[in-house]
Q: 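First the structure, which I've put down as structure tokens, then a few questions once you've had a look.
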Amino acid sequence: MRLFAAVVPPPECLDELGRVVDRLHRLPGADGLRWTSRPGWHLTLAFMGEVGEELLPELRARLGRAAHRTPAFPLRLHGGGHFGRRALWAGVAGDLDTLRLLAERSDAAARRAGVAMDEHRRYQAHLTVGRGRGEGAPLQPFLDELGGFEGTRWQVTELALVRSNLPVSGVRGEQPRYETVDAWPLEGREGHSG
């Protein structure tokens with residue numbers, strides 16, 4: 001299974017972002033981007049890639065402990081940014097320290113469960129809304145539109161383990177499908193190790 005740990009914003013917050021992204025679709029150069037689908041919008045905490053079934057029980061237990069140790073915290077979708085010309089994203093504001101802590105705990109949980117993780121990097125919170133095709137598009141008009149976006153604050157109360165089902169049809173533009181495999185409430189109790 002291709003898995004990742006994530007925070008999934010509530011539907012009403014994704015709808016707010018969706019209205020901004022609808023405007024982005026109408027800007028010149030929008031066809032130079034491959035837009036992500038709204039049902040898949042999330043904040044990745046730790047990307048695990050292919051995970052064998054035999055690792056799932058330990059992974060679930062460790063992610064559950066990570067959630068148990070982490071308190072609920074406020075976030076909101078805010079502004080935007082990019083990674084070169086390859087990714088356009090909405091940013092995040094709020095309790096970023098706790099978000100980073102949850103990302104670090106999710107990464108550590110996967111490593112300790114035996115998942116072969118990529119090299120550890122400093123966590124950069126973002127929600128990808130588009131990816132460049134080929135050379136990509138000049139992103140400044142999209143960044144200008146995203147720059148003023150201020151989403152509604154919500155309380156993050158759960159850590160999700162999400163499965164990514166990659167497209168198999170070969171149809172151009174088909175998007176991955178995401179399904180939540182498991183989820184744990186954030187409880188903020190520091191008594192257990194991850």
Side-chain angles (χ1 to χ4, degrees), residues 1-11 14 34-73 75 77 83-84 86-90 92 95-133 156-194:
M1 275 188 236
R2 190 174 166 86
L3 299 174
F4 58 90
V7 165
V8 180
L14 295 177
R34 194 175 67 241
W35 298 96
T36 58
S37 66
R38 291 182 199 183
W41 283 351
H42 60 270
L43 302 169
T44 300
L45 298 173
F47 181 76
M48 299 166 206
E50 291 295 330
V51 176
E53 290 279 339
E54 72 280 2
L55 299 179
L56 281 179
E58 184 69 14
L59 177 61
R60 282 184 159 116
R62 290 185 178 277
L63 286 172
R65 285 198 292 273
H68 182 75
R69 294 172 53 208
T70 307
F73 58 96
L75 281 185
L77 298 173
F83 298 127
R86 61 186 170 84
L88 176 69
W89 44 263
V92 182
D95 188 349
L96 298 181
D97 289 339
T98 303
L99 180 62
R100 278 189 203 97
L101 178 64
L102 185 58
E104 288 167 8
R105 286 177 171 168
S106 298
D107 183 272
R111 288 176 192 281
R112 290 180 183 143
V115 176
M117 301 290 286
D118 286 338
E119 178 184 326
H120 184 71
R121 296 182 208 151
R122 180 161 169 76
Y123 180 68
Q124 169 68 53
H126 67 282
L127 188 155
T128 303
V129 296
R131 291 187 175 84
R133 297 178 197 246
V156 177
T157 59
E158 152 177 302
L159 167 64
L161 179 62
V162 180
R163 180 178 184 172
S164 173
N165 298 295
L166 296 177
V168 293
S169 72
V171 174
R172 185 169 191 239
E174 184 182 8
Q175 299 280 333
R177 284 183 310 101
Y178 300 106
E179 64 180 292
T180 299
V181 174
D182 214 335
W184 301 269
L186 301 184
E187 299 177 305
R189 299 187 186 139
E190 283 291 343
H192 298 54
S193 64

Q: Closest heavy-atom contact between Ala125 and Trp89?
A: O-CZ3, 4.5 Å
Q: Provide the closest heavy-atom pair for Thr70 versus Arg105 in the form atom of the first, atom of the second, distance.
A: OG1-NH1, 2.9 Å
Q: May I ask you to test the Arg60-Trp184 pair for a side-chain heavy-atom distance under 4.5 Å?
A: yes
Q: Quick one: are Val129 and Trp41 in side-chain contact, heavy atoms under 4.5 Å?
A: yes
Q: Answer yes or no: is there a side-chain heavy-atom contact under 4.5 Å between Met48 and Leu59?
A: yes
Q: Looking at every heavy atom in both Ala72 and Leu186, which two are closest together, and how far apart are they?
A: N-CB, 3.8 Å
Q: Which pairs with one or both residues in residues 37-59 pass salt bridge (Lys or Arg N to Asp or Glu O under 4.0 Å), sequence neighbours excluded?
A: Asp22-Arg38, Glu58-Arg62
Q: Check the orientation of Phe83 and His126. Use parallel for under 30°, tilted for 30 to 60°, and perpendicular for over 60°.
A: perpendicular
Q: Is any side-chain heavy atom of Leu14 closer than 4.5 Å to a side-chain heavy atom of Leu127?
A: yes
Q: With the side chain counted from C-beta on, respond yes when Leu75 and Leu43 share a heavy-atom pair under 4.5 Å apart, and no when they do not.
A: yes
Q: Working to the nearest 0.5 angstrom, can you tell me the gap between Glu158 CD and Glu187 CD?
A: 11.5 Å
Q: What I'd like to find out is whether the side chain of Leu45 reaches to under 4.5 Å of the side chain of Leu99, using heavy atoms alone.
A: yes
Q: List the atom of Ala5, the atom of Leu159, and the distance in Å for their closest heavy-atom pair.
A: CB-CD1, 4.1 Å
Q: If you take all heavy atoms of Phe47 and Met117, which pair is closest and at what distance?
A: O-CE, 3.3 Å
Q: Only one of Asp107, Leu56, Val51 clears side-chain contact (heavy atoms from CB on, under 4.5 Å) with Val115; which?
A: Val51
Q: Per the side-chain contact (heavy atoms from CB on, under 4.5 Å) rule, which among Val162, Val181, Asp182 passes with Leu3?
A: Val181
Q: Quick check for you: to the nearest 0.5 Å, what is the distance between His68 atom NE2 and Leu63 atom CG?
A: 14.5 Å
Q: The criterion is ring pair (Phe, Tyr, Trp, His ring centres under 6.0 Å); which residues satisfy it with Phe4, sequence neighbours excluded?
A: His42, Tyr178
Q: Identify the residue among Thr157, Thr98, Leu101, Asp97 that makes a side-chain contact (heavy atoms from CB on, under 4.5 Å) with Phe73.
A: Thr98
Q: Taking C-beta and beyond as the side chain, do Leu102 and Val7 meet within less than 4.5 Å on heavy atoms?
A: yes
Q: To check you understand the geometry: which heavy-atom pair defines the closest contact between Thr128 and Thr36, and what is its length?
A: O-OG1, 2.9 Å
